[in-house]
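For clarity, every value in this text was computed on a predicted model and none was experimentally measured.
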Amino acid sequence: MAVLLHRLGHSAYRHRKLVLGIWLFVLAALITCVSVFGGKLDDRFAVPGTESQRALDSLSRTLPEVSGAGAQIVFTAPKGHRVTDAAYAATIARTVTEARKAPQVSGVVDPLTSGAVSADRTTAIVQVQYPVQNAQVSASSVDAIENAAKAAERDGLRTSVGGSVYSSKGVHVGPSEIIGVAVALLVLVVTFGSLLVAGMALLPALIGVAVGLAGLLALAPAVSISSTAVTLALMLGLAVGIDYVLFILSRHRQQLARGTDPRESIALATGTAGSAVVFAGTTVIIALAALSVIGIPFLTTMGLGAAGAVLIAVLAAITLVPAVAGFAGSRLAPKPGSRAARRAADADSHAGSGSGSGSGSGSGSEGTTGRVPMGTRWTKWVIAKPLLTVLAVAGVLVTLALPAMDMRLALPDNGSAPHASTERRSYDTISDKFGPGFNGPLLVLAETKDGTAATSAQAGELVAQKLRTLKNVRVVLAPQPTSDPAQSVITVLPTSGPDSVGTGRLVRDIREAAPGLRETTGASVAVTGTTAVNIDVSNRLSDSLLPFVGIVVGLSLLLLMIVFRSLVIPVKAAVGFLLSVGASLGLVVAVFQWGWLADVLDVPHSGPVVSFLPIILIGVLFGLAMDYEVFLVSGMREEWAHTGRARQSVVDGARHSVRVVTAAALIMFTVFAGFFPLDDSLIKPIAFALAVGVAIDAFAVRMTLVPAVLALAGRGAWWLPAWLDRILPDLDIEGTSLQKAPSTDQNQNLNQKEPQSVS
């Protein structure tokens, strides 16, 4: 791999105008496709093969207004008045008439017909029905409903609009995201000591993000792509794109400071650091693509979309970075006397002393300037008492992970929306006046075999009577016929909210009672509706969590065993990864489920964790953990191979990799954290989980726990049975083949005048 990437770096440097032109052409073509053929994003949560989805698909043909999206206009009378007063009743009737005129609306049910008037007569609900799912409801239709509701406020009523037409808001690039990128640029400036280099590092990453995002949006007309999938692709593309460029450019600048020719330097950086980038990116892609095996379409598109963004980021790093380096030439070299130049000099002097007899085990760490690098100081402190370090870090992470044992999974609803939003006000008012179950009704489809309308109606009434006897049922409405004479639909209002344990238990109780209902009534029963579908999604994701963790951990053990030819390092990495995931999920549960620091962090609602968050976190964090593991441990392994001194190789190998990994982790943290302020109930917890997960894994696990464990293991850390070493393939992530057989291109006359280094 290293030799191939080395050649690619040479080629991209030499044909830099062509490479840049291809990327810009692809970007322009994709933007044109989006503008001309761009389709609408689809935020439906569907679970093919489940009872709820089969019944919902059937109702979409026989009674689409029940299976489609819905809106709720909530009216509240002023204090001391009732909505049944003549003046307010007339206003509500006028609003119903206006709502019927809204585009796409198939039906509007007034409160007198549905009985949706609170017991104290202060609140009433108008139900608006659509024959299509919420993804197909136009913004103009929702605006028309909201305008009709606002008109009623002129007569003194308080109004709010909610319902399933409100969902994830999707991609929104605002000040917080821009601040995140600005902080990433600042970190790059500090890391490289040059605004020019930082800007050139950001350019390939931004082009890669733009291509990945435009490519995903261009597929919207042909593939169902959710707004959350696009936002996740943007988030990941930015984070890993900047990080991957950082890894390659930092190696390139280090080699330029040693006097390496710019063309050969970027080729070597692409062959060495680029190999680690390809390895890390591949692990992220595999983990995200594996989400497709769960069998949930929206999660499949989310995983594949994010994997595509990471793939584009890898391609940009190994092609665009060498091309951009070709335009800059030697101007990317550190200025003489700068910190970067001194670090390179220290590395050279250390390499010279480290490869010798091995005397003076600690002398090589200070280099020629006498200044001990940050990575060396930190690692020495960590391994001074390695057992204490391991116990302390593991103890803290296990403590942080304890709340995860109480984790409940569900899909967010309007109760997770910001307090000031109209859908949240509607949700809270309905819960207060009608009960939380009114926000999450269940639809029970009763179907007889070859029955007449009369037989179906009779069976439906018998089913309704049985359902009223179940625990956690507040109201069961009369059966409603469909266009199929053999069907009837029964609406069940639970006593608990849509994301509560009680509602999930009620769905299970109805399904367990289905065989008995079929025997006594002659009708087969299926529970469906938005609430039931969301429960089925969460259950399938919960059931898939442990197998997915097993696949990811097993993959990490195999890949790291191949890379580092060791048994201890893969086991240590897998355990560290599990600690990172556990601590991150524990913090998510504490903040989003228990409500700790919710006011401080502006979390609008405490409740179950977003059902697909754990799997997304595991997939993304796995790739990032492997990324940092490779960059840190490869330097230590190289030192071990040169000197044979186990403990000192841990210190010396971390000299410069700690600095680069620190910068990479800070960049990734700020990019993810930049999405946290979004008022989106899906994106906010994901951004929080990824931000804290990266911070924990990079600083607590990779830069603290890893050196301590390697120091404890000593020489045993690098042991691998000979028979296993023979059968494992050699991926050459560290570019050993390049060191053994330098490219003949290094000795060729480039016949190209390079720009001079800036001073």
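- Closest heavy-atom contact between Gly208 and Ile312: O-CG2, 3.1 Å.
- Judged by the 6.0 Å and 45° rule, Lys684 forms a cation-pi pair with Phe676.
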Under the side chain to side chain contact (heavy atoms under 4.5 Å, CB included) criterion, do Leu291 and Phe548 qualify, and how do the steps go?
CA-CA 8 Å; Leu291 297 178; Phe548 188 75; 3.8 Å; yes
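- What you find for Leu216 and Val230 is that their closest heavy atoms are CD2-CA, 3.8 Å.
- Remark: the backbone N or O of Tyr13 is not paired with any side-chain donor or acceptor of Arg263 at under 3.5 angstrom.
- Leu18 is listed as a side-chain neighbour of Ile22, based on a closest heavy-atom distance under 4.5 Å.
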With side chain to side chain contact (heavy atoms under 4.5 Å, CB included) as the criterion, how do Tyr244 and Ile318 come out once you've worked through the C-alpha distance, each side chain's angles and the decisive distance to 0.1 Å?
CA-CA 9 Å; Tyr244 292 165; Ile318 61 177; over 6 Å; no
Verdict with supporting geometry, Ile667 and Leu246, side chain to side chain contact (heavy atoms under 4.5 Å, CB included):
CA-CA 10 Å; Ile667 289 171; Leu246 167 66; 4.1 Å; yes
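- With rounding to the nearest 0.5 angstrom, the CZ atom of Arg565 is 12.0 Å from the CG atom of Leu560.
- Neither side chain, Thr260 nor Gln255, offers a donor N or O lying under 3.5 Å from an acceptor on the other.
- Annotation: side chain of Leu5 is in contact with side chain of Val278 (closest heavy-atom distance under 4.5 Å).
- Annotation: side chain of Val187 is not in contact with side chain of Phe669 (no heavy-atom distance under 4.5 Å).
- The two residues Pro547 and Ser544 make their nearest non-hydrogen contact at CD-O, 3.4 Å.
- Side chains of Thr270 and Val321 form no contact here, defined as non-hydrogen atoms less than 4.5 Å apart.
- At least one test fails for Arg702 against the ring of Phe699: distance under 6.0 Å to the centre or angle within 45° of the axis.
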Assess whether side chain to side chain contact (heavy atoms under 4.5 Å, CB included) is satisfied between Leu236 and Leu288, documenting all intermediate values.
CA-CA 11 Å; Leu236 274 181; Leu288 290 173; 3.8 Å; yes
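- A distance of 10.0 Å separates CG of Leu213 from CD1 of Ile31, quoted to the nearest 0.5 Å.
- Atom CD1 in Ile207 sits 5.5 Å away from atom CG in Leu24 (nearest 0.5 Å).
- Atom CG of residue Leu617 and atom CD1 of residue Ile686 lie 9.5 Å apart, to the nearest 0.5 angstrom.
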Start with the C-alpha distance between Phe612 and Phe298, add both sets of side-chain angles, then the distance that settles ring pair (Phe, Tyr, Trp, His ring centres under 6.0 Å), and finish with yes or no.
CA-CA 10 Å; Phe612 53 83; Phe298 82 87; 5.5 Å; yes
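- Scanning all heavy atoms of the two residues, the minimum distance from Pro204 to Val324 falls at CG-CG2, 4.0 Å.
- Side chains of Ile618 and Phe577 form a contact here, defined as non-hydrogen atoms less than 4.5 Å apart.
- Residue pairs that meet the side-chain hydrogen bond (donor to acceptor under 3.5 Å, both in side chains) test with at least one member in residues 23-33, sequence neighbours left out, are Trp23-Thr319.
- The shortest side-chain heavy-atom distance between Thr662 and Tyr628 does not fall under the 4.5 Å cut-off.
- Closest approach of His252 to Ala325, counting heavy atoms only: NE2-CB, 4.0 Å.
- Separating the CD1 atom in Ile616 from the CG atom in Leu682 is a distance of 11.0 Å, to the nearest 0.5 Å.
- For the pair Ile266/Ile248, a side-chain contact is recorded, criterion being any heavy-atom separation below 4.5 Å from C-beta on.
- To the nearest 0.5 Å, atoms CG (Leu185) and CG (Leu195) are separated by 6.5 Å.
- Residues Glu264 and His6 are in side-chain contact: their nearest non-hydrogen atoms beyond the backbone lie under 4.5 Å apart.
- For Ser584 (side chain) and Ser580 (main-chain N/O), a donor-acceptor pair under 3.5 Å exists by modelled atom type.
- Of the possible polar contacts, none joining the Arg7 side chain to the Leu4 backbone as a donor-acceptor pair under 3.5 Å is found.
- Nearest heavy-atom pair across Ser611 and Leu411 is OG-CD2, 3.2 Å.
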